[in-house]
Amino acid sequence: MTKKVLIVDDDDDVREATQICLEVTGDWQILTASSGKEGLVKAIAQQPAEIAAVITEKVLDVEELNLEPLDEQTTPQWLQQGVSEIERSHQTYKLLSWVSCTDLPPSLINKKCFNESQVNAVLVALSKSTLDSPHPILKNIKHKCDRASVDNFIWSLFQRWLTDGAPKKENWAMLGLGLLGGDEIAIKFTPYLRKWPGESQHHRAVLGLQCLRAIGSDTALMQINGIARKIKYKGLKARAQECISAIAKDRKLSPDELEDRIIPSLGLDAKGQRVFDYGDRQFNFVLGQDLKPMVRDETGKLRANLPKPAKKDNGELATQALADWKLLKKQVRETLKIQTVRLEQAMTAQRRWQWREFEDLLANHPFMTHLVQRIIWVGYDKQNNVVQTFRLAEDRTYADAEDEEISLSGIATVGIIHPVHLTPEQMAAWGETLSDYEIIPPFSQIDREIYAITPEEAETVEITRFKDITIPGITLLRTMESLGWLKGGLHDHGDFAVNYKYFPQADITAIIGDYE
């Protein structure tokens with residue numbers, strides 16, 4: 001039997017396929033090793049030293065799991081009934097040769113793995129299900145089995161489907177991601193959706209959006225929203241926007257209001273904290289100054305990663321903590337990528353939140369509070385007059401530019417202050433406060449370069465002072481897109497002549513147009 005170590009471009013993930021499936025940095029081909037572990041050792045020896053070292057550490061040096069399969073006494077009743085029903089209904093159904101129950105990572109219940117007949121039944125259930133009508137056994141598996149092992153199982157199945165050429169008639173292997181997947185699957189799956197339109201796989205990408213929607217978690221919906229906000233493929237972007245609009249309509253919310261409510265908590269508590277427990281040792285989550293997740297040990301020392309478990313640690317707790325930490329790092333990276341862009345666009349568009357929404361959905365959100373504390377905000381009264389600029393301190397109190405605690409009574413709405421609305425004195429005061437506390441904003445705010453129109457320009461509808469500046473077209477367009485500017489109508493050959501952006505508070509649409 002051949003064992004494969006799959007090596008893909010991802011430096012933060014390890015997966016198993018027939019007990020061994022490794023993902024590390026670098027564009028590497030599939031490494032195939034036969035004759036079990038001895039063959040793998042020989043194959044590893046032929047790889048570059050840095051890759052061989054990673055594989056050895058991540059695979060060969062890991063203690064093998066001796067899992068017992070479920071038997072008649074240990075199999076839950078719901079699983080027994082589901083398997084029996086499937087075997088009665090589909091006795092003659094044969095799965096294709098590209099997938100075998102013995103080649104997939106084990107799915108676990110109470111530290112025991114599915115036996116061969118149970119895995120076959122799951123594969124049949126997947127093949128006979130749709131996103132709208134899943135087999136009942138799949139719902140139980142998703143909610144009652146070990147989450148990480150189910151993700152491993154369904155991701156390995158998806159990878160094998162891709163390796164076999166992703167036959168359309170067998171796309172149930174991809175739909176399984178939506179039927180059984182969790183947050184980690186949503187994060188790993190989204191890059192495929194983003195690249196498929198460029199590989200003439202638009203319809204597959206659209207089906208992938210439905211898989212994310214079927215997963216249904218805040219993390220999955222946030223991934224759809226990320227595609228709706230920013231992707232170079234217009235067709236998929238439009239479908240993602242339609243998906244978000246439909247979800248918002250179902251919940252009787254605007255798209256902006258929905259975005260505020262699908263930010264995952266990432267397992268953080270109400271104070272934005274999380275403990276990773278090794279038994280005798282505990283480590284606390286910290287978002288570093290550069291917005292990278294870190295942990296603080298009991299001595300107060302900051303670490304970029306959790307340490308390897310020691311002999312005195314509780315092995316089971318430490319293993320779970322490492323798995324949780326690994327997923328959290330991915331979630332933080334994805335959430336920051338989407339929320340940073342969203343907040344910056346909220347600043348430029350002068351979006352307002354009702355005071356209660358600001359406190360509930362942003363200031364007191366387990367994760368967003370970390371971003372809110374790095375931004376300068378502004379409060380308005382019911383007459384839309386500026387009341388106060390402020391920041392959220394680490395202890396959840398509010399402070400002004402002189403770092404004095406303040407009360408924000410009388411504030412009706414809240415926005416992110418744009419530096420164009422600050423005086424030089426205010427910008428200097430806020431800049432000094434941020435510097436004193438070594439606060440690094442998630443995007444350029446107080447130090448943002450701004451341009452004011454001249455009195456002459458204020459009397460016209462066209463600004464021409466930049467007309468003689470030459471910028472490479474692709475550079476300009478990518479920058480415009482990242483800042484939320486939309487393309488104008490397409491011409492016959494797919495080109496366009498303008499970009500535009502609407503600023504709702506000013507009720508003005510700015511247009512950059514008539515490109516050469």
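The chain is numbered in sequence order, starting from 1. Computed from heavy atoms alone, side chains included, the values below leave out hydrogens, waters and symmetry copies.
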- Is the shortest side-chain N to carboxylate O distance from E334 to K337 below 4.0 Å? yes

Main-chain N/O of [Y] paired to [X] side chain as donor or acceptor, under 3.5 Å:
X	Y	answer
Q210	L131	no
S435	G431	no
D164	A166	no
D151	G181	no
T433	A401	yes
Q282	E298	no

Go through the side-chain N and O atoms of [X] and [Y] and say whether any donor and acceptor fall under 3.5 Å apart.
X	Y	answer
R342	Q339	yes
S149	N152	no
W355	E357	no
T74	D71	yes
S254	D256	no
Q373	T369	yes

[X] atom [atom1], neighbour heavy-atom count above 12 within 6.0 Å:
X	atom1	value
K142	NZ	yes
K271	NZ	no
E257	CD	yes

- Please name the pair of heavy atoms, one in R194 and one in I227, separated by the smallest distance, quoted to 0.1 Å. NH2-N, 3.5 Å

- Task: Taking all heavy atoms of V372 and all of A363, pick out the closest pair and write down the distance.
- Result: CG2-N, 4.1 Å

- Checking salt bridge (charged side-chain N to carboxylate O under 4.0 Å, His left out) for the pair D297/R281: CA distance, chi angles, key distance, verdict? CA-CA 8 Å; D297 63 22; R281 295 187 292 168; over 6 Å; no

For a 4.5 angstrom cut-off between non-hydrogen side-chain atoms, does [X] reach [Y]?
X	Y	answer
Q331	I187	yes
I263	L361	no
L408	V414	no
L371	L291	yes
I141	L179	no
N284	Q273	no
Q118	N115	yes
P136	W78	no

- Task: Could you name each residue pair satisfying ring pair (Phe, Tyr, Trp, His ring centres under 6.0 Å) that touches residues 106-140, not counting sequence neighbours?
- Result: none

If I take atom [atom1] from residue [X] and atom [atom2] from residue [Y], how far apart are they, to the nearest 0.5 angstrom?
X	Y	atom1	atom2	result
L362	E359	CG	CD	10.5 Å
L392	T397	CG	OG1	7.5 Å
I262	Q223	CD1	CD	10.0 Å
R147	S107	CZ	OG	9.5 Å
T389	I417	OG1	CD1	7.0 Å
M294	F285	CE	CZ	11.0 Å

- Give the intermediate values and the outcome of side-chain contact (heavy atoms from CB on, under 4.5 Å) for residues K330 and K188. CA-CA 9 Å; K330 292 180 186 179; K188 289 173 64 64; 4.1 Å; yes

- Any pair with a residue in residues 399-408 that passes side chain to side chain donor-acceptor pair (under 3.5 Å), sequence neighbours left out, goes on the list, sorted by first then second residue, please. R391-D403, D403-Y437

- Chi angles and distances behind the ring-ring contact (aromatic ring centres under 6.0 Å, His included) call for Y192, W155: CA-CA 13 Å; Y192 287 84; W155 185 254; 5.7 Å; yes

- Verdict with supporting geometry, L209 and R213, side-chain contact (heavy atoms from CB on, under 4.5 Å): CA-CA 6 Å; L209 287 176; R213 186 171 180 179; over 6 Å; no

- Chi angles and distances behind the side-chain contact (heavy atoms from CB on, under 4.5 Å) call for Q201, K195: CA-CA 9 Å; Q201 295 293 342; K195 72 177 182 179; over 6 Å; no

- Task: Might you work through the side-chain hydrogen bond (donor to acceptor under 3.5 Å, both in side chains) test for D447 and S444, ending with a clear yes or no?
- Result: CA-CA 6 Å; D447 59 349; S444 179; 3.1 Å; yes

- Decide side-chain contact (heavy atoms from CB on, under 4.5 Å) for R448 and E344; before the verdict, give the C-alpha distance in whole Å, the side-chain angles of both, and the deciding distance to 0.1 Å. CA-CA 11 Å; R448 193 182 194 90; E344 184 174 23; 3.0 Å; yes

- Message: Checking side chain to side chain contact (heavy atoms under 4.5 Å, CB included) between K329 and each of L306, D324, N305, which is the one that passes?
- Response: N305

- Message: The test is side-chain hydrogen bond (donor to acceptor under 3.5 Å, both in side chains); show your working for E170 and W172 and say whether it passes.
- Response: CA-CA 5 Å; E170 304 293 335; W172 57 266; 2.6 Å; yes

- Partner set under side-chain contact (heavy atoms from CB on, under 4.5 Å) for D132, not counting sequence neighbours: T130

- Please find out if less than 6.0 Å separates the ring center of W377 from that of F358. yes

